[in-house]
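Beneath this line is the structure, given in structure tokens, with notes to follow.
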Amino acid sequence: MNLLKRSFYNRPASIVAREILGAHLVRLIDGQCLVGMITEAEAYQGEEDLGCHAHYGKTRRNAVMYGPPGRAYIYFTYGMHWMLNAVTGQDGSPAAVLIRAIQPLEGLDVFEQNRPNLAHTPHWLDGPAKLTQAMLVDRRLNGIDLCDPNSELSITPGEAILEENVTKTARIGLYTVPEPWKSIPWRFVIKMEKGRPRDEIQK
DNA sequence: CGGCCGATTATCT
DNA sequence: GATAATCGGCCGG
């Protein structure tokens, strides 16, 4: 399988968050292949970024972010939700990209079973906790290598998205984070029409 | 559609 | 002991 290489992830998080749009998130489970196109992502870059979990320094939770790029950093929040990130930047420098939304492509029956709410509507898998529920992503996959074709979770190149079809905004949910981190435009979203990307999204 | 609010618990100070 | 990279339900427009 043709996967995004480690060199893809070994760049600043804001670059990876933009470039990962259109890529295909692939989940292998019970002999099935679940696929979704990444349509929204956010960058979290370094201990100086007060919106990033690494701003406390290294802890047990965020340790994976301090490791090599191309691994999954998965954490639990709000007492009930799992969030999926791809670790970015060089080994030792903590940074990651939060995968916030996917467009379902393969395994729709499984997605529907795991995530019946809003199934087959434009808002089906457009949230970071929605997609982890649909793809059965939780703590067990924390630290998994996204660049290994044998992994239960990986990412393929998918489609390249034109700049004119990308919206940039401040990151979501950083209520108590001070400026400038609260407003820095490190959220990247594919422009959607009626719940689908525009027809001409490829470069 | 947009805003407010409660749920629920691992993780951190 | 407080907080949280969210979600869904309920309300008003």
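What you are looking at is a predicted structure, and each value in this text was computed from that prediction instead of being measured. In what follows, every heavy atom counts, from backbone to side chain, and hydrogens, waters and symmetry copies are set aside. First the proteins, then the strands, lettered A, B, ... as listed; each starts at 1.
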Stems in DNA chain C: runs of 3 or more consecutive Watson-Crick or G-U pairs, distances under 3.5 Å?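 Correct response: B:1-7 with C:6-12, B:9-12 with C:1-4.
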
Hey, could you give me the CG/OH distance between A/N85 and A/Y75, rounded to the nearest 0.5 Å?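 Between A/N85 CG and A/Y75 OH, I get 5.5 Å after rounding to 0.5 Å.
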
Return the value, rounded to whole Å, for the distance between atom [atom1] of [X] and atom [atom2] of [N].
X      : N     : atom1 : atom2 : answer
A/W82  : C/dA5 : CH2   : P     : 14 Å
A/K182 : C/dA4 : NZ    : C1'   : 14 Å
A/R171 : C/dA4 : CZ    : P     : 14 Å
A/Y175 : C/dA2 : OH    : C1'   : 17 Å
A/Q133 : C/dC7 : CD    : C1'   : 8 Å
A/H53  : C/dT3 : NE2   : P     : 15 Å
A/H123 : C/dT6 : NE2   : P     : 16 Å
A/Y44  : C/dA5 : OH    : P     : 7 Å

Give the B/S/- string for nucleotides 5-13 of chain B, one per nucleotide from 5' to 3', where a protein heavy atom under 4.0 Å of the base yields B, of only the sugar-phosphate yields S, and otherwise -. --BBBSSSS

Is A/T156 close to A/N2 at the side-chain level, that is, under 4.5 Å between some pair of heavy atoms?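 Of all side-chain heavy-atom pairs linking A/T156 with A/N2, none is under 4.5 Å.
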
Please determine whether a side-chain nitrogen or oxygen atom of A/R115 lies at a distance below 4.0 Å from atom OP1 or OP2 of C/dC7.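 Answer is no, no contact under 4.0 Å.
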
Got more than 12 heavy atoms from elsewhere within 6.0 Å of CG, A/D109?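 It does: A/D109 CG has more than 12 such atoms within range.
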
Which is more 5' along DNA chain C, the nucleotide nearest A/T176 or the one nearest A/N117? Just name the residue.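 The 5'-side residue here is A/T176.
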
Report which part of the nucleic acid A/L98 touches: base, sugar-phosphate, or nothing (heavy-atom distance under 4.0 Å, all strands).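 The residue A/L98 makes base contact.
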
Taking the six-membered ring of A/F8 as reference, does the cationic atom of A/R11 (NZ for Lys, CZ for Arg) lie under 6.0 Å from its centre and within 45° of its axis?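 Yes, A/R11 lies over the aromatic ring of A/F8.
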
Ring-face cation of A/R139 near A/F76 (centre distance under 6.0 Å, axis angle within 45°):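 The answer is no; the distance or angle limit is not met.
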
Quick check, does A/Y75 stack with C/dA5? I mean ring centres under 5.5 Å and planes off by under 30°.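 Ring-base stacking flag not set for A/Y75 and C/dA5.
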
Under-4.0 Å salt bridge between A/R100 and A/D126: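 Not counted as a salt bridge, because no side-chain N and carboxylate O are separated by less than 4.0 Å.
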
Is it true that A/E163 and A/R18 have a side-chain N and a carboxylate O under 4.0 angstrom from each other?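 Yes, this pair counts.
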
Apply the test salt bridge (charged side-chain N to carboxylate O under 4.0 Å, His left out) to residues A/D148 and A/R6: give CA-CA distance (whole Å), side-chain angles for both, the deciding distance (0.1 Å), then the verdict. CA-CA 10 Å; A/D148 180 349; A/R6 206 165 309 284; over 6 Å; no

Applying ring pair (Phe, Tyr, Trp, His ring centres under 6.0 Å), name anything that partners A/Y78, two or more places apart in sequence or on another chain.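 So A/Y78 forms no ring pair (Phe, Tyr, Trp, His ring centres under 6.0 Å) with any residue.
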
